[in-house]
Protein chains: 2
Amino acid sequence: MKLSGGVEWALHCCVVLTRAARPVPATRLAELHQVSSTYLAKHLQSLSRAGLVRSTQGKTGGYVLTRSPQEITVLDVVEAIEGPQSTYVCTEIRQRGPMGAPPEACAAPCAIARTMYAADHAWRATLREVSIADLVRTVGTDYEGDVLGPIGEWLVAADS
Amino acid sequence: MKLSGGVEWALHCCVVLTRAARPVPATRLAELHQVSSTYLAKHLQSLSRAGLVRSTQGKTGGYVLTRSPQEITVLDVVEAIEGPQSTYVCTEIRQRGPMGAPPEACAAPCAIARTMYAADHAWRATLREVSIADLVRTVGTDYEGDVLGPIGEWLVAADS
DNA sequence: CATTACTCGGACAACTCTTGTCCAGGTCAA
DNA sequence: TTGACCTGGACAAGAGTTGTCCGAGTAATG
């Protein structure tokens with residue numbers, strides 16, 4: 001029960017991409033965060049498949065957010081990386097064994113599964129309430145001075 | 001990001017243990033659910049270490065709940081199996097790279113981590129609201145007739 | 001318009017963790 | 001004393017994650 005580390009990378013990338021005027025290559029994003037560029041590229045592909053970022057190829061290619069930051073929720077990013085499936089999978093063990101319940105009585109999920117699903121929904125609801133724009137705003141108030149601005153400029157600078 | 005399958009087993013065991021008058025051996029619980037007895041035993045050991053069940057050794061040994069069902073929450077069981085650590089681990093990548101933030105500015109967790117922690121807390125809060133007694137009550141209304149009673153009797157029966 | 005350099009994209013291994021099994025040791029009731 | 005049961009650890013298999021590589025495509029450039 002541990003979230004993939006790629007979620008953290010992807011969220012940080014989305015936050016800094018809000019301050020980039022031009023497409024940012026995966027290599028530059030990896031350099032900024034000091035992570036493996038090839039592995040980060042894989043996660044960026046997931047974001048691309050989910051439609052959160054658009055990739056442009058060629059010499060000045062890279063990644064750009066497709067929507068405005070307030071229209072991208074943290075849940076969007078998490079589900080793009082982790083997948084939309086629930087954290088709990090019910091194997092219907094109530095139907096198994098000598099005291100197993102008959103299948104026709106198990107149309108609805110059992111009480112245990114319903115509880116776990118409710119918790120999963122509460123988790124997702126919390127993530128849905130926060131947008132990338134909210135994160136950017138919070139980062140702005142967390143530190144003295146503007147920290148995201150210089151990062152955005154560094155991302156589109158000529159070289160490192 | 002998938003919950004261990006042992007959580008499902010443990011929860012079902014706790015529910016049926018509420019209807020067992022005497023200690024129930026792990027073998028019998030495994031037989032009831034048609035799962036590996038040796039692997040289930042490992043999870044029951046986790047419940048024992050967490051203090052949710054008491055194990056008695058010897059010929060008529062087995063597992064019994066230590067507290068009344070309404071004093072055991074679903075979260076207790078989940079944390080006994082999965083551990084109490086958060087689902088999200090922050091690696092502080094904001095401090096890394098050429099634009100890394102200085103450590104003295106990172107006393108508090110970053111905005112991303114705070115959001116993930118909040119979602120984690122919401123998940124746990126939901127699980128904490130539901131007790132084993134609640135599950136037993138819900139199971140009673142889910143089906144026609146009493147399904148847990150016969151199971152409790154079967155658990156303490158002489159043989160299968 | 002051809003070249004070239006740069007990018008993404010998906011297929012390919014190495015690794016870690018979870019899942020599952022097994023056995024020796026200790027304990028209690030009959 | 002015997003048999004059944006729990007405890008703890010060591011051990012193997014499988015899945016999922018982490019990480020790497022090379023080919024296809026695209027845009028700038030001369």
Side-chain angles (χ1 to χ4, degrees), chain A residues 1-10 13 17 20 22-31 33-64 66 81-83 85 87-89 91 93 155-156 158-160, chain B residues 1-10 13 17 20 22-31 33-64 66 81-83 85 87-89 91 93 155-156 158-160:
Chain A
M1 184 58 177
K2 194 174 68 65
L3 215 54
S4 163
V7 171
E8 185 182 10
W9 299 7
C13 285
L17 276 180
R22 294 188 290 135
V24 182
T27 311
R28 183 58 67 100
L29 286 168
E31 196 177 352
H33 296 125
Q34 272 191 348
V35 298
S36 158
S37 65
T38 52
Y39 191 32
L40 178 63
K42 168 171 295 208
H43 291 308
L44 290 173
Q45 285 172 30
S46 298
L47 294 182
S48 177
R49 268 192 294 269
L52 299 180
V53 299
R54 171 183 305 279
S55 68
T56 56
Q57 288 190 333
K59 196 174 178 64
T60 60
Y63 290 97
V64 191
T66 55
I81 302 295
E82 290 283 328
Q85 64 273 13
T87 56
Y88 181 80
V89 284
T91 61
I93 68 178
L155 283 176
V156 298
D159 62 350
S160 62
Chain B
M1 185 58 177
K2 194 174 68 66
L3 213 54
S4 162
V7 171
E8 184 182 10
W9 299 7
C13 285
L17 276 179
R22 294 187 290 136
V24 182
T27 310
R28 182 57 68 99
L29 285 170
E31 197 177 352
H33 296 125
Q34 272 191 347
V35 297
S36 157
S37 65
T38 52
Y39 193 33
L40 178 62
K42 175 170 292 210
H43 290 308
L44 290 172
Q45 285 174 25
S46 298
L47 293 182
S48 176
R49 268 192 294 271
L52 299 180
V53 300
R54 172 185 304 279
S55 68
T56 55
Q57 291 188 332
K59 192 174 177 62
T60 60
Y63 290 95
V64 190
T66 55
I81 303 294
E82 290 283 327
Q85 64 272 13
T87 56
Y88 181 79
V89 284
T91 60
I93 68 177
L155 283 176
V156 299
D159 62 351
S160 62

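Reminder, nothing fancy here: chain letters follow the sequence lines and each chain counts from 1. Every value quoted in this text rests on a predicted model; they were computed, and no experiment measured them.
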Measure from [atom1] on [X] to [atom2] on [N] and round the result to the nearest Å.
| X | N | atom1 | atom2 | result |
| --- | --- | --- | --- | --- |
| B:R54 | C:dT27 | CZ | C1' | 15 Å |
| B:L40 | C:dG20 | CG | P | 11 Å |
| A:K2 | C:dT19 | NZ | P | 14 Å |
| B:R28 | D:dC5 | CZ | C1' | 13 Å |
| B:I93 | D:dT18 | CD1 | P | 13 Å |
| B:L3 | C:dC17 | CG | P | 18 Å |
| A:Q85 | D:dA15 | CD | C1' | 14 Å |

Taking side-chain hydrogen bond (donor to acceptor under 3.5 Å, both in side chains) as the test, write out the residues that go with [X], two or more places apart.
| X | value |
| --- | --- |
| B:T60 | none |
| A:T87 | A:D120 |
| B:T27 | none |
| B:S36 | B:T38 |

B:Y39 vs C:dT19: side-chain N/O to OP1/OP2 distance below 4.0 Å: yes
Sequence-distant partners of B:R49, side-chain contact (heavy atoms from CB on, under 4.5 Å), two or more places apart: B:Q45, B:S46
Nearest to side-chain heavy atoms of B:S36, which nucleotide of C:dT19, D:dT20, C:dT21: C:dT21
Per-nucleotide protein contact string for nucleotides 5-11 of chain C (B base, S sugar-phosphate only, - none; heavy atom under 4.0 Å): SBSBBBB
CG on B:L52 to OH on B:Y63, rounded to 0.5 Å: 12.5 Å
